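Structure first, commentary second.
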Amino acid sequence: MPVIEVSNLHKRYRGKVAVEDVSFTVEKGEIFGILGPNGAGKTTTVECVEGLRRPDGGTVRVLGLDPQRDDDRLRSCVGVQLQESELPERLKVWEALDLYASFYRDPVNPAKLLGDWGLTDKRNTPFGKLSGGQKQRLFIALALIGNPEIAVLDELTTGLDPQARRGAWDLIEEIRERGVTVILVTHFMEEAERLCDRIAVFCDGRIAALDSPAGLVARVGAEQRVRFRPSAALPDGLLSDLPEVTDVLTAGDHVVVAGNGQVLQAVVSTLARHRIIAADLRVEQATLEDAFVTLTGRTFEV
């Protein structure tokens, strides 16, 4: 049985639809991504899963329980890192972890979480003196202190620098290896593609697509893009007339050729026959962002 089941979820705020007819399941031990721009319904959906919001329609089950009716039983099983959180400014890092650890029967060693999330040297620092990235890491540690079966991480790495972000990704993969199911809410394409087993793409309160990262990209097709800077002007139709080519665009002093199959070989051999050198040659494959644009008809804006 899935550890999370959401069926026909609806939620409105003052007449405005935030989530409409959303359905998905999450299997035990997977990292399930919820991807989309701000305002797409991601956070509202996970707040219904967490029991923080009451749905206006549909059903939500977590470990077979209703998050509204069975919140006391679920509290020790689900760890939550909210998109926005606060603590008393004078509360020290170690005090926050010890306080949260006292709420659980079998907490993770606070010292281990301090080390995992790079907070050991900040253990005596008051919350109000932490940087934005340090606060974010503390809230992630607090979400995991109860040794939960499910961890819901909303915008996990917002505010982290690139090195800290990649370190966080490694730790999330370790968490999954221990059998914890992770729901990861994000607007970072690279994060979703790197971590998630499956991704629900949200757009305007609905799920536009649900698949593995590779499956979503495959929906775009096997098209490749060959980008280069030609050493001479290209004769009209030189590349666009090739059977492997679907489109030719000019981007500044570069040419971008889209096509299928053996498009790279066709372009390179044609240029060579005309003694045109392709400088700065790059081959670009379809990305998760390409899939988002294709599936939703919108550019991705955070």
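The shown structure was predicted, so the numbers you read here are calculated from the model rather than taken from an experiment.
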Item to check | Sub-4.5 Å side-chain heavy-atom contact between Leu281 and Val268 | outcome: yes
Next on the checklist: Please determine whether side-chain hydrogen bond (donor to acceptor under 3.5 Å, both in side chains) holds for the pair Glu191 and Thr186, giving the CA-CA distance in whole Å, both sets of side-chain angles, and the decisive distance to 0.1 Å.
Outcome noted: CA-CA 8 Å; Glu191 183 166 279; Thr186 185; 2.9 Å; yes
Checklist entry - In terms of hydrophobic clusters joined by side-chain contacts under 4.5 Å, are Tyr104 and Ile140 together? => result yes
Next on the checklist: So which atom in Ala143 and which in Gln81 form the shortest heavy-atom distance, rounded to 0.1 Å?
Outcome noted: CB-N, 3.7 Å
Next on the checklist: Using the rule side-chain contact (heavy atoms from CB on, under 4.5 Å), only one of Leu271, Asp280, Val283 pairs with Phe228; which is it?
Outcome noted: Leu271
Next on the checklist: Evaluate Glu30 against Thr181 for side-chain hydrogen bond (donor to acceptor under 3.5 Å, both in side chains), listing each step before the verdict.
Outcome noted: CA-CA 5 Å; Glu30 78 172 329; Thr181 303; over 6 Å; no
Checklist entry - Given the rule in the salt bridge (charged side-chain N to carboxylate O under 4.0 Å, His left out) test, do Glu173 and Arg194 qualify, once you have shown the distances and angles that lead to the verdict? => result CA-CA 10 Å; Glu173 289 174 332; Arg194 156 79 183 268; 3.2 Å; yes
Item to check | Single-linkage hydrophobic cluster, 4.5 Å side-chain cutoff, Leu142 and Val152 together | outcome: no
Item to check | SG on Cys48 to CZ on Arg53, rounded to 0.5 Å | outcome: 8.0 Å
Item to check | Pairwise side-chain contact, Leu184 with Phe32, heavy-atom cut-off 4.5 Å (strictly under) | outcome: no
Next on the checklist: Grouping I, L, V, M, F, W and Y whenever their side-chain heavy atoms are under 4.5 Å apart, do Val255 and Leu264 come out in a common cluster?
Outcome noted: yes
Checklist entry - Any Lys/Arg nitrogen of Arg282 or Glu284 sitting under 4.0 Å from an Asp/Glu carboxylate oxygen of the other? => result yes
Checklist entry - Of the non-hydrogen atoms in Pro213 and Leu288, which two are nearest, and what is the gap between them? => result O-CD1, 4.4 Å
Checklist entry - What distance do Leu130 atom CG and Lys92 atom NZ have between them, rounded to the nearest 0.5 Å? => result 12.5 Å
Next on the checklist: Tell me whether His274 contacts the main-chain N or O of Thr270 through its side chain, where contact means a donor paired with an acceptor under 3.5 Å.
Outcome noted: yes
Next on the checklist: Within this structure, what is the CG-NZ distance for the pair Leu63 and Lys28, rounded to the nearest 0.5 Å?
Outcome noted: 8.0 Å
Next on the checklist: Run the side-chain contact (heavy atoms from CB on, under 4.5 Å) test on Lys11 and Val22 for me, step by step, so that the C-alpha distance in whole Å, both residues' side-chain angles and the decisive distance to 0.1 Å come before the verdict.
Outcome noted: CA-CA 10 Å; Lys11 182 64 183 176; Val22 164; over 6 Å; no
Next on the checklist: Quick one, Asp56 and Val19 - any side-chain contact, counting heavy atoms below 4.5 Å?
Outcome noted: no
Checklist entry - Okay, side chain of Gln134, backbone of Ser131: is any donor-acceptor separation there less than 3.5 Å? => result yes
Item to check | Atom pair OG1/CG of Thr43 and Asp154 - distance to nearest 0.5 Å | outcome: 3.5 Å
Checklist entry - What residue among Arg137, Arg165, Gln136, Arg166 forms side-chain hydrogen bond (donor to acceptor under 3.5 Å, both in side chains) with Thr157? => result Arg165
Next on the checklist: Counting C-beta onward and ignoring hydrogens, is there a side-chain heavy-atom pair between Lys42 and Glu155 closer than 4.5 Å?
Outcome noted: yes
Checklist entry - Minimum heavy-atom separation for Cys196 to Gly33, with atom names? => result SG-CA, 3.4 Å
Next on the checklist: Same cluster or not: Val80 versus Val3, using hydrophobic residues (I, L, V, M, F, W, Y) connected whenever any side-chain heavy atoms lie under 4.5 Å apart?
Outcome noted: yes
Checklist entry - Taking C-beta and beyond as the side chain, do Val256 and Val248 meet within less than 4.5 Å on heavy atoms? => result no
Next on the checklist: When you compare the side chain of Met189 with that of Leu35, does any pair of heavy atoms fall below 4.5 Å?
Outcome noted: yes
Checklist entry - Below 4.0 angstrom, N of the basic side chain to O of the carboxylate: do Asp247 and Arg225 qualify? => result no
Checklist entry - Where the side chain of Ser269 meets the backbone of Ala266, is there a donor-acceptor pair that is under 3.5 Å apart? => result yes
Checklist outcome for this item: d(Ile172 CD1, Leu144 CG) to nearest 0.5 Å is 6.5 Å
Checklist entry - In terms of hydrophobic clusters joined by side-chain contacts under 4.5 Å, are Val78 and Ile183 together? => result yes
Next on the checklist: Is the shortest side-chain heavy-atom distance between Asn8 and Thr59 below 4.5 Å?
Outcome noted: no
Checklist entry - Can you tell me how far the CG atom of Leu119 sits from the CG atom of Leu97, to the nearest 0.5 Å? => result 7.5 Å
Next on the checklist: Taking the ring of Phe24 and the ring of Phe202, is the distance between their centroids below 6.0 Å?
Outcome noted: no
Checklist entry - Looking at side-chain heavy atoms only, is the closest gap between Leu216 and Ile199 below 4.5 Å? => result yes
